[in-house]
Amino acid sequence: MESPFKKNILITGGAGFIGSHVVRLMVNNYPGYRIVNLDKLTYAGNLANLRDVQDKPNYLFVKADICDFNAMLRVFEEYRIDSVIHLAAESHVDRSITDPFSFAQTNVMGTLNLLEAARRSWRGSNLFYHVSTDEVYGALEFNDALFTEETRYDPHSPYSASKAASDHFVRAYHDTYGLPVVISNCSNNYGPYQFPEKLIPLFINNIRNNKPLPVYGKGENVRDWLYVEDHARAIDLIFHRGKTGDTYNIGGFNEWKNIDLIKVMIKTVDRLLGRKEGESEKLITYVTDRAGHDLRYAIDSAKLKDELGWEPSLQFEEGIEKTVRWYLDHQDWLDNVTSGDYQQYYKKMYGD
Ligand code: NAD
Ligand code: DAU
């Protein structure tokens with residue numbers, strides 16, 4: 001029997017931070033597509049991120065592990081998957097430093113499993129969209145020009161090495177087997193539903209709880225920040241209009257030194273909590289630097305603008321205000337994800 005849906009799209013990692021925004025956008029904007037959200041629900045996956053779409057007729061959740069090849073084959077067959085937006089990954093650099101094996105397993109072998117399942121089951125018009133990171137390009141000095149799609153890969157952390165390897169496998173499946181693929185490499189995302197192991201939600205959570213703010217090294221590293229819904233919009237656009245076989249960089253043209261960004265967060269949280277502005281700066285605590293800490297990431301997304309007309313929609317000040325408000329309005333979400341295993345993780349990473 002023919003599928004009643006125009007497309008049957010597998011989104012992996014849809015219960016995670018970025019994945020949940022991509023799932024929400026696709027389910028709401030394309031009622032004619034069936035969105036199959038496949039997620040293992042690791043510590044970073046949370047179905048509470050998707051309560052507003054869970055009962056939609058074009059949404060379906062499958063709990064599965066991308067490292068289980070036979071399970072992937074079954075999912076492709078059972079749901080007649082014709083396109084993939086692949087976001088499932090181990091995503092936190094610090095965890096990759098203490099546990100590199102699980103990064104190789106999920107990010108490299110998991111991606112390979114999905115590519116192979118697609119190769120075996122696909123005929124005709126399909127697309128494998130691989131969501132990747134700007135960290136594959138390595139690190140910039142303060143005065144270096146931005147990463148472009150032509151920048152040579154030079155990953156440093158086990159996380160970025162695993163993402164680089166997965167990008168290479170995706171391109172290899174295109175070049176060797178003709179699998180229709182597209183890749184995007186994005187800068188640091190921020191916004192609602194980000195697990196509080198990453199800088200922005202971790203610091204918002206600590207400021208509200210009056211806990212020390214662990215700044216790595218001198219706080220001078222630079223990141224380019226993009227609001228997560230702008231990333232999801234870019235993924236939608238590239239999925240529909242990107243050139244098969246191509247790579248697109250996605251970034252905010254919005255570089256911040258960590259310590260400056262941290263001061264903006266402190267100011268915003270203090271104001272919204274009715275504290276004296278800047279009162280929480282006393283929580284700043286300089287700690288041992290991250291091993292192999294990349295100095296600066298900055299990405300040139302001119303290709304995406306010129307070819308597909310995408311631009312970030314939010315100014316950073318607006319984005320950070322929205323983000324802080326969201327976490328302060330959803331303190332139950334924060335309390336929930338920071339109970340249990342998070343406490344052990346936190347203690348191991350940062351001590352008491
Ligand atoms: P996240 O850690 O918040 O979510 C990852 C999701 O993948 C979780 O829901 C988790 O349960 C799921 N998952 C992990 N292992 C799995 C497995 N073996 N099988 C099935 N599901 C599994 O990550 P995120 O920050 O939302 O990142 C999503 C993707 O975007 C990743 O591929 C990451 O490399 C990439 N990316 C992230 C950023 C960023 O700033 N967060 C920037 C650029 C690219
Ligand atoms: O560039 C894209 C990447 O951005 C994504 O591919 C990764 O999945 C994502 O985690 C992110 O990586 P970073 O390592 O840049 O993000 P993180 O939030 O962990 O750290 C941001 C900066 O803040 C970095 O320079 C390290 C610093 N930092 C981070 C933490 C967690 C601190 O100073 N203290 C901290 O406690």
Side-chain angles (χ1 to χ4, degrees), residues 11-23 37-47 49-50 62-68 71-72 85-97 102-103 105-107 109-111 113-114 130-137 139 147 155 157 159-160 162-163 166-167 184-191 193-203 206 212-226 228 231-232 235 250-251 256-259 261-262 284-290 293-299 346 349-350:
I11 300 187
T12 69
F17 165 50
I18 302 172
S20 62
H21 290 272
V22 175
V23 166
N37 170 16
L38 183 148
D39 200 296
K40 184 182 171 184
L41 300 182
T42 68
Y43 77 93
N46 185 353
L47 287 177
N49 299 356
L50 285 165
V62 177
K63 184 169 189 286
D65 185 344
I66 59 169
C67 297
D68 180 345
M72 293 308 102
I85 304 179
H86 175 38
L87 295 115
E90 289 294 339
S91 69
H92 191 41
V93 173
D94 292 327
R95 291 188 194 250
S96 82
I97 294 168
S102 57
F103 282 70
Q105 194 60 33
T106 296
N107 300 357
M109 290 310 295
T111 301
N113 283 337
L114 288 165
H130 179 58
V131 176
S132 193
T133 170
D134 61 356
E135 298 197 16
V136 298
Y137 297 124
F147 299 133
S157 71
Y159 163 69
S160 52
S162 70
K163 291 296 290 188
S166 67
D167 292 10
S184 58
N185 297 86
C186 188
S187 64
N188 286 59
N189 285 216
Y190 71 100
Y193 302 114
Q194 187 168 31
F195 193 77
E197 62 188 349
K198 309 278 168 42
L199 178 74
I200 290 187
L202 187 142
F203 276 42
N206 284 13
L213 305 174
V215 180
Y216 297 161
K218 295 184 179 148
E220 285 185 341
N221 301 67
V222 172
R223 297 292 183 265
D224 167 41
W225 294 94
L226 179 69
V228 62
H231 187 189
I235 290 174
I250 310 173
W256 283 81
K257 212 179 249 193
N258 289 342
I259 192 65
L261 168 63
I262 288 162
I284 291 176
T285 310
Y286 291 93
V287 300
T288 310
D289 208 354
R290 173 185 278 174
H293 197 172
D294 286 337
L295 180 65
R296 173 177 168 237
Y297 305 138
I299 197 150
Y346 197 90
M349 261 310 286
Y350 301 104

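It should be emphasised that the depicted structure is a prediction, and the values quoted were computed from it without experimental measurement. The first residue of the sequence shown is numbered 1, and numbering continues consecutively from there. Just follow the structure's listing: the first ligand is 1, and inside any ligand the first atom is 1.
- Only backbone heavy atoms of C186 (N, CA, C or O) come within less than 4.0 Å of ligand 2; its side chain stays farther off.
- The two residues S187 and D224 have their closest heavy-atom pair at OG-OD2, 3.0 Å.
- Distance from atom 1 (O) of ligand 2 to its nearest protein heavy atom, with residue and atom name: D134 OD1, 2.6 Å.
- Around ligand 1 you find G13, A15, G16, F17, I18, D39, K40, L41, T42, A44, G45, A64, D65, I66, L87, A88, A89, S91, T106, V131, S132, T133, Y159, K163, C186, S187, N188, N189, each with a heavy-atom distance below 4.0 Å.
- To the nearest 0.5 Å, atom CG of residue N258 and atom CG of residue L213 are 12.5 Å apart.
- For ligand 2, the atoms closer than 4.0 angstrom to any heavy atom of V215 are 33 (O).
- Here the closest non-hydrogen pair linking Q105 and C67 is O-SG, 3.6 Å.
- Among residues two or more places apart in sequence or in another chain, the salt bridge (charged side-chain N to carboxylate O under 4.0 Å, His left out) test is passed with R296 by E255.
- Nearest non-hydrogen protein atom to atom 12 (O) of ligand 2 is E135 OE2, 2.8 Å.
- The shortest heavy-atom contact between L38 and A64 is CD2-O, 3.7 Å.
- At a heavy-atom cutoff of 4.0 Å, ligand 2 is contacted by the side chain of H293 but not by its backbone.
- Scored by the side-chain contact (heavy atoms from CB on, under 4.5 Å) test, A89 finds N107, K163 as partners (sequence neighbours excluded).
- With K218, E90, R223 as candidates, the residue nearest to atom 15 (O) of ligand 2 on a non-hydrogen basis is R223.
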Problem set entry | Verdict with supporting geometry, Q194 and V228, side-chain contact (heavy atoms from CB on, under 4.5 Å) | CA-CA 9 Å; Q194 187 168 31; V228 62; over 6 Å; no

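- At the top of the distance list for atom 36 (O) of ligand 2, counting protein heavy atoms only, stands Y350 OH, 2.7 Å.
- Atoms of ligand 2 found under 4.0 Å from any heavy atom of N258 (numbered from 1 in listed order, with element): 22 (C), 23 (O), 24 (C), 25 (O), 27 (C).
- Of all protein heavy atoms, the one closest to atom 35 (C) of ligand 2 is Y216 CZ, 3.3 Å.
- Of all atoms in ligand 2, listed by their number and element, those nearer than 4.0 Å to a heavy atom of V93 are 14 (O).
- N37 places a side-chain N or O within 3.5 Å of a backbone atom of G14 that can act as its donor or acceptor partner.
- Between the side chains of Y346 and N206, at least one donor-acceptor pair of N or O atoms lies under 3.5 Å.
- Atoms of ligand 2 lying under 4.0 Å from any heavy atom of H92, numbered from 1 in the order shown and given with element: 19 (O).
- Nearest residue to atom 34 (N) of ligand 2 from S91, A298, S187, P214 is P214 (criterion: closest heavy atom).
- Scored by the side-chain contact (heavy atoms from CB on, under 4.5 Å) test, D289 finds Y216, H293 as partners (sequence neighbours excluded).
- Ligand-side atoms of ligand 2 in range of N221: 25 (O), range being under 4.0 angstrom from any heavy atom.
- Closest protein heavy atom to atom 16 (O) of ligand 2: N188 ND2, 3.4 Å.
- Per-residue contacts place T133 under 4.0 angstrom from the following atoms of ligand 2 (heavy atoms of the residue considered): 1 (O), 2 (C), 3 (C), 5 (C), 6 (O).
- The cationic group of R95 lies under 6.0 Å from the six-membered ring centre of Y43 and within 45° of the ring axis, placing it in a cation-pi geometry.
- Residue Y159 approaches ligand 2 through these ligand atoms, each under 4.0 Å from one of its heavy atoms: 5 (C), 6 (O), 7 (C), 8 (O).
- Between the CG atom in D94 and the CE atom in M349 there is a gap of 3.5 Å [rounded to 0.5 Å].
- Between R296, R290, K198, E197, it is R290 that holds the heavy atom closest to atom 19 (O) of ligand 2.
- Side-chain N/O atoms of H130 and T111 include no donor and acceptor closer than 3.5 Å.
- Side-chain atoms of E90 and Y159 form no donor-acceptor pair, as typed in the model, at a separation below 3.5 Å.
- Contact annotation: for L199 versus ligand 2, heavy atoms closer than 4.0 Å belong to both the backbone and the side chain.
- A donor-acceptor distance shorter than 3.5 angstrom exists from the side chain of N113 to the backbone of I66, with no hydrogens or angles considered.
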